[in-house]
Peer 1: 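Right, I'll just put the structure down here and ask away after.
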Amino acid sequence: MPELPEVETIAADLRQRIIGEKIQEVVVHDARLIRDFPRSVFADCPAPGFIRAVKNREIQKIERQGKALIFYLSGGKYILAHLGMTGQWVLADSAPRAKVSITLSSGQRLHYNDQRIFGGMTVVADLAKVPYLRGLGPEPLSPGFLRVFQAIAMTGIKAPVKSFLLDQHKIAGIGNIYASEILFRAGIDPRCPVNQITEPQLRILGKQIVAVLKEAVCQRGTSKRDYLDASGRQGSFQNYLRVYGRAGKPCSVCGKPIQRVVQAGRSTFFCSICQK
DNA sequence: AGGTCGACCTGGCAGC
DNA sequence: TGCTGCCAGGTCGACC
């Protein structure tokens, strides 16, 4: 599900509703979800250790970094969570398919669902030592991003620009949906190597990264399949997609059919007339 | 060094 | 109806 706008929406929702609450009870329905971030599984079942580590701590702050969600707990512990493809954090009395359920001091219940189990969570004592966070590129919504982006993009990268946008080490938070949308708005062919894009085009690209992500945050994310916010509601940016998931349908600008190609095993959507 | 590809999982859906 | 194959918003490690 989650790219930057979706994780940002969930973080904002949870911030409003559970800051200051104490974790009273944790039930792990599927131990595969509790794992070293984000994929490697502990040799033995880590769930009891996770529960012990977070129980009775207060949630003091919630932040997003890239596509990761971080719960700051009292006593210097952090829950580090990643939603993978199908993860959901939902506040609700019950959630029949929840993989992890957390009861808070007010009686609210926070559930983590994840159909494909690509996401998960772990508890850490030092964020600075987490390889995923250390490796993240600049945040598109942070001040000074455009200048940093320009500098990174000018380092002679030969990869197709679509792969570049998806690389979390280069830029944090962009995923498959927004990469296609950003490139359409910038008028750049997703297959074009980064080092063949002109400086003025790169400036437009940087601005479109910021514009598309900001707009998607305002629309509370894109609910194409599974994504729901922390109240279980859909986002609305799917109503504004110009190319993603529209293969064969007419381009909103020139009317020619939107193309779908596969790059690095993932679908890319674009207009071969409007994007050069 | 830097880029590409399969593996990790489950479920929905189109086509036969 | 039921089977098969394809598809899905992410990330990492093996491989070139």
Side-chain angles (χ1 to χ4, degrees), chain A residues 1-10 29-42 64-69 80-89 96-99 112-122 130-137 152-153 155-183 190-196 212-213 216-217 219-229 234-241 243-248 260-269:
Chain A
M1 62 170 281
E3 305 183 32
L4 183 155
E6 290 76 32
V7 184
E8 185 65 40
T9 300
I10 291 172
H29 307 285
D30 188 331
R32 289 176 295 178
L33 271 294
I34 311 299
R35 54 184 170 183
D36 204 0
F37 195 71
R39 240 193 66 196
S40 56
V41 180
F42 288 122
R64 175 195 62 76
Q65 278 188 44
K67 301 173 192 171
L69 196 59
L80 187 58
H82 196 294
L83 296 131
M85 296 273 252
T86 51
Q88 302 172 338
W89 283 100
R97 304 170 90 169
K99 298 281 195 280
Y112 181 70
N113 304 323
D114 193 343
Q115 184 190 100
R116 288 174 75 186
I117 323 180
F118 283 5
M121 68 194 80
T122 188
V130 177
Y132 176 84
L133 299 178
R134 290 168 64 103
L136 285 176
I152 294 172
T155 53
I157 295 161
K158 286 179 256 176
V161 61
K162 163 81 178 325
S163 309
F164 166 68
L165 293 183
L166 288 182
D167 186 346
Q168 302 300 297
H169 303 275
K170 302 286 197 303
I171 309 161
I174 301 174
N176 210 34
I177 292 180
Y178 297 112
S180 283
E181 294 301 312
I182 288 163
L183 288 167
R191 301 163 296 184
C192 183
V194 179
N195 62 4
Q196 287 179 26
V212 169
L213 293 176
V217 169
Q219 297 296 330
R220 304 182 56 78
T222 301
S223 293
K224 196 67 189 165
R225 304 181 147 239
D226 306 303
Y227 166 69
L228 298 174
D229 69 19
Q234 295 200 333
S236 52
F237 196 74
Q238 65 276 12
N239 301 324
Y240 301 90
L241 296 175
V243 287
Y244 184 85
R246 300 193 66 245
R260 172 181 177 267
V261 293
V262 175
Q263 290 181 288
R266 325 215 37 204
S267 292
T268 300
F269 300 88

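Each chain gets a letter, A, B and so on, in the order the sequences are listed, and its residues count up from 1.
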Peer 1: Would you classify Ile157(A) as touching base, sugar-phosphate or nothing, given that sugar-phosphate means primed atoms plus P, OP1 and OP2, and contacts are heavy atoms under 4.0 Å?
Peer 2: sugar-phosphate
Peer 1: Leu133(A) has an atom CG; how far is it from atom P of dT11(C), in whole Å?
Peer 2: 11 Å
Peer 1: If I take atom OH in residue Tyr132(A) and atom P in nucleotide dG10(C), what distance separates them, rounded to the nearest angstrom?
Peer 2: 9 Å
Peer 1: CD1/Ile157(A) to CZ/Phe164(A) distance, rounded to the nearest 0.5 angstrom?
Peer 2: 4.5 Å
Peer 1: What's the closest nucleotide to the Phe118(A) side chain, out of dC5(B), dG3(B), dG10(C)?
Peer 2: dG10(C)
Peer 1: Please write out each protein N/O paired with an N/O of nucleotides 10-16 of chain B under 3.5 Å, distance rounded to 0.1 Å.
Peer 2:
unit_1	atom_1	unit_2	atom_2	d
dT10(B)	OP1	Arg32(A)	NH1	3.2
dG11(B)	O4'	Gln115(A)	OE1	3.1

Peer 1: Using the P atom as the reference point in each nucleotide, state the distance between dC7(C) and dG6(B) in Å, no decimals.
Peer 2: 13 Å
Peer 1: Quick check on dG10(C): is either OP1 or OP2 less than 4.0 Å from any side-chain nitrogen or oxygen of His82(A)?
Peer 2: no
Peer 1: How many angstroms lie between CD in Gln115(A) and NZ in Lys99(A), if you round to the nearest 0.5 Å?
Peer 2: 8.0 Å
Peer 1: Does dG10(C) have its OP1 or OP2 closer than 4.0 Å to a side-chain nitrogen or oxygen of Arg266(A)?
Peer 2: yes
Peer 1: State, without any angle test, whether Ser267(A) and Arg260(A) hold a side-chain donor-acceptor pair at a distance under 3.5 Å.
Peer 2: yes
Peer 1: Looking at every non-hydrogen atom in both residues, tell me the closest pair between Arg266(A) and Lys162(A) and how far apart they are.
Peer 2: O-NZ, 4.4 Å
Peer 1: Would you give the length of the straight line joining atom CG of Leu166(A) to atom CD of Glu3(A), rounded to the nearest 0.5 angstrom?
Peer 2: 8.0 Å
Peer 1: CG of Asn176(A) versus P of dT11(C): gap in Å, rounded?
Peer 2: 11 Å
Peer 1: Taking atom P in both dC6(C) and dA7(B), compute the distance separating them and give it to the nearest angstrom.
Peer 2: 14 Å
Peer 1: In Å, rounded to the nearest 0.5 Å, how long is the span from CD1 of Ile174(A) to CG of Leu165(A)?
Peer 2: 5.0 Å
Peer 1: Report which part of the nucleic acid Tyr178(A) touches: base, sugar-phosphate, or nothing (heavy-atom distance under 4.0 Å, all strands).
Peer 2: nothing
Peer 1: Apply side-chain contact (heavy atoms from CB on, under 4.5 Å) to residues Tyr112(A) and Leu33(A) and explain how you reach the verdict.
Peer 2: CA-CA 9 Å; Tyr112(A) 181 70; Leu33(A) 271 294; 3.2 Å; yes
Peer 1: Rounded off to whole Å, could you give me the CZ-to-C1' distance for the Arg260(A) and dA8(C) pair?
Peer 2: 10 Å
Peer 1: Please work out if Gln168(A) contacts a base, only the sugar-phosphate, or nothing of the nucleic acid, heavy-atom cut-off 4.0 Å.
Peer 2: sugar-phosphate
Peer 1: Which whole-number value in Å describes the distance from Gln263(A) CD to dC5(B) P?
Peer 2: 10 Å
Peer 1: May I ask you to evaluate whether Lys224(A) reaches the phosphate of dA8(C), defined as a side-chain N or O under 4.0 Å from OP1 or OP2?
Peer 2: no
Peer 1: Mind listing the closest non-hydrogen atom pair of Gly120(A) and Asp114(A) along with its distance?
Peer 2: N-OD2, 4.4 Å
Peer 1: Calculate, to the nearest 0.5 Å, the distance between atoms OH and CG belonging to Tyr178(A) and Leu183(A) respectively.
Peer 2: 14.5 Å
Peer 1: Over how many whole Å does the gap from Phe164(A) atom CZ to dG3(B) atom C1' extend?
Peer 2: 14 Å
Peer 1: Could you spell out the base pairing of DNA chain C in dot-bracket, with Watson-Crick or G-U pairs whose two distances are under 3.5 Å, [ ] crossing and | to another strand?
Peer 2: .|||||||.|||||||
Peer 1: If I pick the P atom on dG11(B) and the same atom on dT11(C), what distance separates them, to the nearest angstrom?
Peer 2: 22 Å
Peer 1: Indicate whether OP1 or OP2 belonging to dA8(C) is found under 4.0 Å from a side-chain N or O atom of Ser267(A).
Peer 2: yes
Peer 1: dA8(C), dC5(B), dG10(C): which one has an atom nearest the side-chain heavy atoms of Ala264(A)?
Peer 2: dC5(B)
Peer 1: Given atom CG of Asp167(A) and atom P of dG10(C), what is their separation to the nearest angstrom?
Peer 2: 13 Å
Peer 1: With rounding to the nearest 0.5 Å, note down the distance linking CD in Gln238(A) to OH in Tyr227(A).
Peer 2: 10.0 Å
Peer 1: In whole angstrom, give the distance that lies between atom OH of Tyr244(A) and atom P of dC7(C).
Peer 2: 12 Å
